[in-house]
Number of protein chains: 2
Amino acid sequence: MVRRNVPLVEQVILELLADIDRGEFVRSNGVLPSEAELAQRFSVSRATVRDALSRLEATGVVIRRQGVGTFVNQFLSKHPAALQDWFEEAHGFVDALRSMGRNPEVLMLRAVVEPAGEVSDHLQVAPDDPVIVVEKIITSAGAPLIHSVNATPLSLLPPENQPRAVELAGGCESTFRFLDDYCRSRVHHQQSEIRAVLTGEKLALLLACRASEPCLQVEEVAYSVDLAPLFYGLNHFRGDTVSFRQIRRPSARG
Amino acid sequence: MVRRNVPLVEQVILELLADIDRGEFVRSNGVLPSEAELAQRFSVSRATVRDALSRLEATGVVIRRQGVGTFVNQFLSKHPAALQDWFEEAHGFVDALRSMGRNPEVLMLRAVVEPAGEVSDHLQVAPDDPVIVVEKIITSAGAPLIHSVNATPLSLLPPENQPRAVELAGGCESTFRFLDDYCRSRVHHQQSEIRAVLTGEKLALLLACRASEPCLQVEEVAYSVDLAPLFYGLNHFRGDTVSFRQIRRPSARG
DNA sequence: AAGTGGTCTAGACCACCAT
DNA sequence: TGGTGGTCTAGACCACTTA
């Protein structure tokens, strides 16, 4: 069930990323070949090359300057990603941490089925509809980094699996995996809000830091392709060890 | 000197935004016309329509579903923007706040020329090269929201204006304006890092909140089109009244 | 099967930057 | 002036959803 018919754009992206990783453009001072040349080299149209470069630019890998050329963003290699990858990609923290070379572990604290209650609004269900709540801590090198509570409507699980909900959800290292493996649902997009809060006593215990330390709170709702809420998440990141990174561009023209 | 030759894509974007604001697609339940129909309606190619829709999707205004259609993201109208606009656009806070209907005011605290010191690394200048430091507070409805310190290399200012640096910089409501008006430099992109910190005593005073409250810290460096650092900024947002919003999409395919 | 968005092409012209 | 990225077109086919 691993349908693949990899679009040219993505192949081009992978080629370019590999070239950059290999330091292919170092001797040219970070200058990539022109779009026309890349098109020829990869035997694709210039539009396809441009599509690939646009996506690479959107994630900050590359910088384009009209009339000049395309350059690799050397800042990124000098300053290894904060949580940029997670930030832009929308997938589990565990995967994000892995892809930045850390070695995360998941500590499952709780997996229960209970009434939606306060999160019913976000999930667009009734307050007493059952949701699967999973609480976990993600550590790296033995130190806790992230505390995460996710709530998924029980109804997403096929009826025959609902009795095993706790077992199944508790066995997954991320909600993304759970949805993928057991609910046959994929996350289409996610809406998050980022705030700064203080660690309360409970959270301080869990994150192994003092109470009243600053931490980043990320509240998010994931939606399926048909815009149904898939899960609600409330995550806290240790303020001293985690930060997000973002690249922005002005679009307005004078 | 207001060159304009507005690209079709941007015109299409503006038309669509206006339509959405006007509630044009409400009766159709948020469904936009198909790309082909929009192309015909605006008398542009489908590629141009797709470009416009892609950019609207990237900022979360619209959601596209293959095989189904394009929809306005009704979540956004229900929950008015946090600081999403600033977050994605890279321009001054003041503009961002204005565009979300608030009425920000700028309180200039300090404008001085001094050695770069600690920020010399970020600005790629020598530690004793002079920079213009501007410290200000942005308030809305009388309450302070943001404390901001920006450092710009003095060398960006044309030599004849350097003696007036303090006066000029102190008179601008945002560093973007200052760069635009007096340095003939534009921001090409910005790299920011977001952390959670505590308000120290000084910051608490300035933001009119208690010390040891959580707040969001955004540290950023802006680069010109030729990748020269334009300014370094260290900003603090009151944790209780400001949050960022972000929309993410997974790109990996199973 | 019909209709939607997603990918891809080949070619054109423009705006910008260097020289 | 020549080369770069930015915009735009018209047309083709594919992948996906819905009925």
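Small disclaimer: the values here were computed from a predicted structure and weren't measured. Order of the sequence lines fixes the chain letters, A, B, ..., with proteins taken first and strands second; residue numbering starts at 1 for each chain.
- Listed candidates were D:dC8, C:dC8, C:dG6. Nearest to the side chain of B:Glu35 is C:dG6.
- Nearest nucleotide to the side chain of B:Thr48, out of C:dT4, D:dT9, C:dG6: D:dT9.
- Considering only side-chain atoms of A:Arg55, the nucleotide from D:dC8, D:dC16, C:dT7 that sits closest is C:dT7.
- Here D:dG6 presents its C1' atom at 15 Å from CD of B:Gln11, a figure rounded to the nearest Å.
- A:Phe231 pairs in a ring pair (Phe, Tyr, Trp, His ring centres under 6.0 Å) with only one of the listed residues (A:Phe176, A:Tyr223, A:Phe178), which is A:Phe176.
- Atom CZ in B:Arg64 sits about 18 Å away from atom P in D:dA15, given to the nearest Å.
- In this entry the distance linking CG of B:Leu32 with C1' of C:dG3 reads 16 Å, nearest Å.
- Whole-Å rounding puts the B:Arg50 CZ to D:dT7 P distance at 16 Å.
- Spacing between atom CD of B:Gln66 and atom P of C:dG5 amounts to 10 Å, rounded to whole angstrom units.
- Looking at which nucleotide of DNA chain C each of A:Arg46 and A:Ser43 is closest to, the 5′-most match is held by A:Ser43.
- Among C:dC16, C:dC8, C:dG5, the nucleotide with an atom closest to any side-chain atom of B:Ser34 is C:dG5.
- For A:Leu53 and D:dG5, the CG to C1' distance is 10 Å, given to the nearest whole Å.
- The residues B:Glu15 and B:Arg41 are annotated as not salt-bridged, no charged nitrogen and carboxylate oxygen being separated by less than 4.0 angstrom.
- Take A:Gln40 and apply the side chain to side chain contact (heavy atoms under 4.5 Å, CB included) test, not counting sequence neighbours, and it matches no residue.
- Nucleic acid contact for A:Arg65: sugar-phosphate only, since backbone atoms but no base atoms lie under 4.0 Å from a heavy atom of the residue.
- Across the protein-nucleic acid pair, B:Leu8 atom CG and C:dC14 atom C1' stand 12 Å apart, rounded to whole Å.
- Protein atom CG of A:Leu227 is 11 Å distant from nucleotide atom P of D:dT18, rounded to whole Å.
- When the nucleotides C:dC17, C:dG5, D:dC8 are ranked by their closest atom to the side chain of A:Val68, C:dC17 comes out on top.
- Ion pairing between A:Asp180 and A:Arg177 fails under the 4.0 Å rule for side-chain N and carboxylate O.
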inquiry  = Does B:Arg50 form a side-chain hydrogen bond (donor to acceptor under 3.5 Å, both in side chains) with B:Ser45? I'd like the steps, not just the answer.
reply    = CA-CA 9 Å; B:Arg50 276 187 63 74; B:Ser45 74; over 6 Å; no
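- Between C:dG11 and A:Ser45, no contact under 4.0 Å exists linking OP1 or OP2 to a side-chain N or O.
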